Structure formats: C-alpha cells, structure tokens
Trainee: 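One structure coming up, written as structure tokens, with questions to follow.
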Protein chains: 2
Amino acid sequence: MGRSPQSSSQTPDQGAARRPSRARGIPEATVARLPLYLRALTALSERSVPTVSSEELAAAAGVNSAKLRKDFSYLGSYGTRGVGYDVEYLVYQISRELGLTQDWPVVIVGIGNLGHALANYGGFASRGFRVAALLDADPNVVGTSAAGLPVRHMDELESIVESQHVSIGVITTPPGAAQQVCDRLVEAGVTSILNFAPTVLTVPDGVDVRKVDLSIELQILAFHEQRKAGEEPDHTESVLDRAPGPVRAAAAKLRRAAGGSGKARAAEAAAKDQAEQAKGKTAKGGEGDLSAVMPA
Amino acid sequence: MGRSPQSSSQTPDQGAARRPSRARGIPEATVARLPLYLRALTALSERSVPTVSSEELAAAAGVNSAKLRKDFSYLGSYGTRGVGYDVEYLVYQISRELGLTQDWPVVIVGIGNLGHALANYGGFASRGFRVAALLDADPNVVGTSAAGLPVRHMDELESIVESQHVSIGVITTPPGAAQQVCDRLVEAGVTSILNFAPTVLTVPDGVDVRKVDLSIELQILAFHEQRKAGEEPDHTESVLDRAPGPVRAAAAKLRRAAGGSGKARAAEAAAKDQAEQAKGKTAKGGEGDLSAVMPA
DNA sequence: TAGATTGTTAATCGATTAACAATC
DNA sequence: TAGATTGTTAATCGATTAACAATC
C-alpha cells in the first residue's frame with residue numbers, strides 16, 4: 001500500500017491533492033467554511049432568531065455574502081427567496097453535511113499542556129466529538145486525570161480504538177514521538193488524524209491528516225507585521241538579491257568559489273543586513289539576532 | 001476609521017481580502033508555506049546536510065517540487081542549477097523574509113490550559129518570538145506562574161505593550177471575553193492578533209487577525225471520515241433534497257405552510273434520517289443524536 | 001562535455017465575486 | 001403587486017502543475 005506524505009500547510013488547501021479532490025462535489029474551500037457558518041448559526045439559534053439573510057449571516061461569519069450563497073448552493077436549496085434561511089433548519093442541514101449528527105469518539109495521545117487543553121475544550125463535546133480516552137506513554141502521567149477522565153497507558157491504545165470504534169486520533173505528543181504514535185494509531189484502525197506536533201507525518205493512502213501548527217500562524221503574522229513596520233520596499237534586502245541575472249550569477253560563483261560553508265555565507269549575508277540596519281535602512285527595533293533561527 | 005471583520009476560515013486564504021493582497025509580490029499561499037520549508041530546512045541543518053535539491057526538500061515538506069521552486073522564485077534566485085540549494089543560506093533567507101531575524105515580543109492573554117501550553121511551546125522561542133508577558137483577568141490566576149513567567153493582571157496590559165513595544169498579541173481567553181480583550185490590545189497598539197477563541201473578531205483596518213480553531217479542524221476531518229465510511233453517494237440524504245426544482249419548491253412550501261417552527265422542521269428532517277438509518281442506509285455506528293448540535 | 005537541477009513559462013484548475021433573473 | 005432575497009451565471013482572479021530551456 002502506497003504511503004503518501006501528508007499534505008503540507010494547513011493554510012491553503014489541506015489534503016486536496018490526496019483524495020479525489022471533492023466528496024460529492026463540495027469544494028474543499030466550502031467544506032472548510034461550513035464550521036464557521038455553523039457556529040454563527042448556532043449563536044443565532046441561541047438567541048432564538050428564526051431566520052437570517054445571506055447578508056446578515058455572511059457578516060456574522062466574516063465572509064462575502066455571494067460566497068456564502070454559493071457555498072450553500074452546493075448543499076441544496078435550503079433558503080427561501082425574499083425571506084432568507086431558516087436558522088434551525090440550516091443548523092441541522094450543515095451539521096448533517098459535516099457528519100456532526102453522528103457521535104465521533106476520539107482519542108487524544110500525549111497529555112501535556114496541550115492535551116489537557118484539548119480534553120477540556122468545550123467545542124468538541126458540543127459538536128458530536130466525544131473523548132473516548134486520553135493516552136500517554138509517561139508512567140508519571142498515566143493514572144492522573146484530565147477533564148474528569150483518567151489518563152491511560154499507550155499500551156491500551158489498540159484495545160480502546162477497537163472496542164470503542166475510534167476512527168479519529170489527536171496527536172499532542174512531542175515532535176519526536178509523533179510519527180511513531182501515528183503509525184500505531186493507523187495500525188489500530190484510525191483513519192483520520194489531527195496532528196498538533198510540528199512534524200510532517202507519513203500515512204498510508206486512505207488516511208487523512210490535518211495539521212494545526214501554532215508557530216506557523218505566528219510566523220505568518222510576523223511576515224505581515226514586518227511589512228507594516230517598514231514601508232521601504234527593499235528594507236532588508238541586499239542589493240545583489242535584486243541585481244540582474246548575470247550579476248547574481250557572478251556573485252553566486254564568488255560565494256561558492258570562496259569555498260565558504262553555507263554557514264559562512266549566511267553569516268556574511270546577516271552581517272550585510274546588520275550593516276544596512278546600522279545605516280537606518282531597517283524598520284522597527286530589529287536586532288538582526290540570528291541566534292534563534294540559526295542552529296549552531 | 002473603518003472596522004472590518006476578520007477574514008473567515010483559517011483554511012483558505014486568511015486575510016487575503018483585507019490587505020493589498022500581497023506584500024512585495026509574494027502570494028499569500030507562498031507565505032503560508034515558507035514556515036514549512038523553514039522547518040524542513042532547519043531539520044536538515046541540524047543534521048549538517050550542506051545542500052538539498054528541490055525534489056528532496058519538497059518531499060520533506062510534503063509539497064510538490066514544482067510548487068516549491070515557484071515559491072522560492074518569488075524570493076529570489078537562491079539555488080544553483082545542477083546542484084540544489086545551500087541549506088544554511090536558504091534558512092537565513094527564508095527567516096529574513098518571514099521577519100524571524102527580528103525579535104518579536106508577544107503577550108498571551110488568558111492563561112488557562114491553552115495559554116499554559118502556548119507559554120511552554122518551544123516553537124515560539126526558537127523562531128524569534130519572545131513571551132513578553134502572560135496576562136489574565138482572574139485574581140486567582142494572577143500571581144501564579146507558567147513557563148517560568150509570572151501571570152500578571154490585565155490592568156498591566158497597556159503599560160507592558162507600550163514599554164516592551166509589543167505588536168503581536170495572542171488571545172486564549174474564553175469566547176465571551178475575546179472581543180473585549182482584542183479591543184484593548186488594539187487600543188494599546190497591538191497590530192497583529194492570533195486568536196484561539198472561537199469568536200469572529202472585529203478589528204480596525206491595519207490590524208491583522210489570524211485564527212486557530214481547534215474544533216474546525218476536527219469538523220473537517222469528520223466530514224471526510226463520514227464520506228469514507230459510507231460510500232453510497234446519497235446515504236444521509238433525503239430524496240427531496242435532490243429532487244428537481246419544482247418538487248423541492250413544493251416541498252418547501254408545504255414545510256412552510258405547515259407553520260412549523262424551524263425546530264419542528266429540523267426535528268422532522270432528523271426523524272426522516274433516522275428512519276433511513278433504520279433501513280440501513282447510513283454508515284458506521286451513527287446514532288443520529290442531535291442533542292449535541294441542536295440547542296434546545 | 002554530460003548529467004543534474006534550477007527558474008520560468010504556459011496551460012489548467014479551482015475559488016471568488018458582482019450581477020441579475022427567478023421567485024418568494 | 002412590490003419589495004426582498006435567493007440561487008446561478010459568467011467573468012475574474014489566484015494557485016497549481018507539468019514541461020523544458022537555461023545553466024551549473
């Protein structure tokens with residue numbers, strides 16, 4: 001059976017490449033928005049709002065109303081022209097489409113801070129997800145409890161997955177343990193994995209992996225923040241980086257001929273940046289400290 | 001100043017609609033992948049691998065190699081034909097592009113389980129992010145410590161943001177407090193927000209919000225899991241939902257004329273599904289339990 | 001030089017959006 | 001009927017990918 005690496009980033013279209021691209025013709029981008037609509041509708045439902053227009057609901061969900069109507073059109077014709085959508089009815093239809101009218105037992109593997117946080121997360125239970133078990137490999141953690149559930153030993157993984165028909169696993173282990181845990185989950189029969197460890201998991205065909213990466217989101221924010229801070233277009237850029245092809249090629253050759261290691265080259269580039277910073281070309285308190293990103 | 005709702009889902013193109021769509025011509029989808037490449041490169045760097053081809057690096061990052069080369073082409077020509085990319089040099093260039101060669105002080109607001117987990121998260125410190133302060137409104141939490149840092153009271157927010165030049169805030173409060181916390185952060189000068197609360201935040205122009213939603217990812221997995229389980233295309237679908245237009249319209253009219261509340265309609269639809277399940281049309285242990293998704 | 005691999009082109013695919021006919 | 005709002009069309013935009021010329 002072929003093993004395929006999980007699909008990349010979580011921000012673009014996770015997993016779109018792996019599976020037949022759509023299930024029953026619903027675009028992946030639409031599927032990813034259904035939970036947003038559902039949340040907005042649930043809030044309206046709690047306020048006993050009977051109907052809502054695409055315009056109102058789109059505003060509540062933070063999307064364009066044309067997009068929302070297009071999204072709903074993939075599900076069917078659940079609105080009434082001139083009136084809008086019936087809140088309760090739409091809550092039900094979306095829930096059903098997402099599979100939330102079923103009960104989904106999940107196991108959480110790795111009960112550190114994040115595992116604890118997830119075990120306690122209200123958004124799971126309220127949407128059909130039930131924590132079937134908390135698992136950890138550390139004997140000091142096994143036997144403690146979280147969210148009212150005992151933490152059990154990894155050895156029980158297979159029997160729990162089988163007896164409780166668990167098809168979804170959540171990995172909150174340290175990165176080094178993630179692939180191994182993933183393999184055991186898959187072997188035991190789990191076919192959907194939510195991975196919080198910063199590790200690219202390899203799984204057989206037919207297994208879905210989604211990844212939540214806490215630091216990636218922060219890095220994307222930093223990228224944009226950097227752009228806001230200094231508005232000079234080339235503020236951290238070396239002149240050579242934008243030079244015409246031949247010049248760049250010559251420079252590359254020089255760097256290479258210098259026989260310097262990549263580290264030397266990187267350090268050199270950093271030094272250049274710092275020199276430019278000293279000349280006041282860089283924005284906002286930047287210190288050019290590479291120690292954090294350049295392993296020694 | 002105009003206030004715009006944050007951009008919707010985290011899965012498609014977060015925030016692409018709000019800002020001028022690209023900063024210095026780098027597509028949003030590419031920016032979102034840079035952290036993945038960076039992680040893969042860092043791992044190679046730690047193993048002292050000097051160079052890597054686009055094919056190898058793409059495999060490590062879990063993406064298509066053509067996509068990787070295209071992504072890198074937006075940054076400049078950092079490779080060598082016939083050879084590949086110098087690992088260290090590329091680590092530096094991507095770090096710089098993402099703004100990770102700067103020091104980014106962040107505040108974390110809401111020190112529950114998730115706040116704790118984030119405070120301890122290694123992936124932050126190692127990428128230029130520094131936790132400037134942990135904040136909470138609960139007097140019982142204030143004064144405790146997490147990850148070696150004291151939890152301080154919300155009242156100190158403004159002075160901390162100002163004195164430490166904090167431009168990034170992380171919200172890990174309960175949903176009800178998120179908008180209020182967000183407003184205070186923005187007022188104090190924060191211009192990038194990472195929101196873990198399941199709340200659509202409204203912010204002024206010029207402020208970026210990214211959202212990490214733990215339950216949305218699980219819901220997307222459930223959608224696909226449902227499709228795997230029962231492969232009959234229409235397994236949870238009422239006959240009417242796929243009927244030709246006129247029939248659907250008539251049915252809608254009937255539902256409406258029945259004067260039933262949306263709840264009644266939803267319950268009716270659910271009953272229909274359960275009847276179908278009884279006939280064996282539904283997959284995999286589904287119990288059709290609506291209590292979790294249908295607020296009373 | 002011969003083999004390898006990048007950087008770029010161009011075709012394709014999917015997602016977004018405004019506009020409006022259909023219809024409540 | 002008149003006003004409102006959906007569902008759909010079609011244009012546009014952005015992202016992906018295979019293929020290959022450039023070039024190390």
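In the text below, chain A, chain B and the rest are named by the order of the sequence lines, each starting its count at 1. These numbers were taken from a predicted model, which means no experiment stands behind them.
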Trainee: Could you walk me through whether B/L90 and B/Y37 pass side chain to side chain contact (heavy atoms under 4.5 Å, CB included), step by step?
Mentor: CA-CA 9 Å; B/L90 203 46; B/Y37 301 143; over 6 Å; no

Trainee: Do you know the tightest heavy-atom contact between B/A61 and A/V200?
Mentor: O-CG2, 4.2 Å

Trainee: For nucleotides 9-12 of chain D, give me every protein contact, N/O to N/O, under 3.5 Å, one pair per line with atom names.
Mentor:
none

Trainee: Counting distance only, does the side-chain N/O of A/Q179 pair as donor-acceptor with the main-chain N or O of A/T202 below 3.5 Å?
Mentor: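 Yes.
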
Trainee: Figure out the CG/C1' separation between A/D71 and D/dT8, and round it to whole Å.
Mentor: 14 Å

Trainee: Kindly give the heavy-atom pair with the smallest separation between B/R69 and B/Y85, and that separation in Å.
Mentor: CG-OH, 3.9 Å

Trainee: Roughly how many Å is it from NZ in A/K67 to P in D/dG7, rounded to a whole number?
Mentor: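 Answer to the nearest Å: 18 Å.
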
Trainee: Of the options D/dT6, D/dT17, D/dA15, whose atoms approach the side-chain atoms of A/S54 most closely?
Mentor: D/dT6

Trainee: Starting from the C-alpha separation in whole Å, work towards a yes-or-no answer on side chain to side chain contact (heavy atoms under 4.5 Å, CB included) for B/I171 and B/L201.
Mentor: CA-CA 11 Å; B/I171 298 179; B/L201 295 178; 4.0 Å; yes

Trainee: Could you state the CG-P distance from A/L90 to D/dT6, rounded to the nearest angstrom?
Mentor: 11 Å

Trainee: Check every atom of C/dT17, C/dT6, D/dT6 against the side chain of A/S53 and return the nucleotide holding the closest atom.
Mentor: D/dT6

Trainee: Taking CG from B/D86 and C1' from C/dT6, how many angstroms apart are they, rounded to a whole number?
Mentor: 15 Å

Trainee: Checking A/I193 against A/C182 for the side chain to side chain contact (heavy atoms under 4.5 Å, CB included) test, could you report, in this order, the C-alpha distance in whole Å, the side-chain angles of both residues, the deciding distance, and whether it holds?
Mentor: CA-CA 8 Å; A/I193 289 174; A/C182 174; 3.6 Å; yes

Trainee: How many Å lie between OH on A/Y74 and P on D/dT8, as a whole number?
Mentor: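 From A/Y74 OH to D/dT8 P: 11 Å.
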
Trainee: Anything below 3.5 Å on both distances counts as a pair; with that, list the stems of at least three consecutive Watson-Crick or G-U pairs involving DNA chain C.
Mentor: C:3-24 with D:3-24

Trainee: Between A/F72 and A/Y78, is the ring centre distance below 6.0 Å?
Mentor: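 Here the rings of A/Y78 and A/F72 have centres that are no less than 6.0 Å from each other.
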
Trainee: Rounded to the Å, how far apart are B/L68 CG and D/dA18 C1'?
Mentor: 15 Å

Trainee: Is any side-chain N or O of A/R81 under 3.5 Å from a base N or O of D/dT6, one able to act as donor and the other as acceptor?
Mentor: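 In this structure, the two groups form a donor-acceptor pair.
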
Trainee: Side chain of B/E28 only, please: which of C/dG7, D/dA15, C/dT17 is the nearest?
Mentor: D/dA15

Trainee: Output the single nucleotide from D/dG7, D/dA15, C/dG7 whose closest atom is nearest the side chain of A/S77.
Mentor: D/dG7

Trainee: Measure the distance from CG on A/L57 to C1' on D/dT6 and round it to the nearest whole Å.
Mentor: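 Atom-to-atom, A/L57 to D/dT6, this comes out as 13 Å.
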
Trainee: Under the 3.5 angstrom rule, does the side chain of A/S45 hit a backbone N or O of A/L41 as a donor-acceptor pair?
Mentor: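 Between the backbone of A/L41 and the side chain of A/S45 there is no qualifying donor-acceptor contact (under 3.5 Å).
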
Trainee: Is B/Y85 close enough to C/dA4 that one of its side-chain N or O atoms is under 4.0 Å from OP1 or OP2 there?
Mentor: no

Trainee: Starting at the 5' end of DNA chain C, which residue's closest nucleotide do you reach first, A/R69 or B/E55?
Mentor: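 It is B/E55 whose nearest nucleotide is closer to the 5' end.
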
Trainee: Is the backbone N or O of A/E97 less than 3.5 Å from a side-chain atom of B/Q226, with the two atoms forming a donor-acceptor pair by type?
Mentor: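 Yes; judged by distance alone, with no hydrogens or angles, the pair exists.
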
Trainee: Find the distance B/N64:CG to C/dC13:P and express it as a whole number of Å.
Mentor: 15 Å

Trainee: If you assign each of A/A66 and A/G82 to its closest nucleotide in DNA chain C, which residue comes earlier from the 5' end?
Mentor: A/A66

Trainee: Looking just at side-chain N and O atoms, do A/D71 and A/T30 make a donor-acceptor pair shorter than 3.5 Å?
Mentor: yes

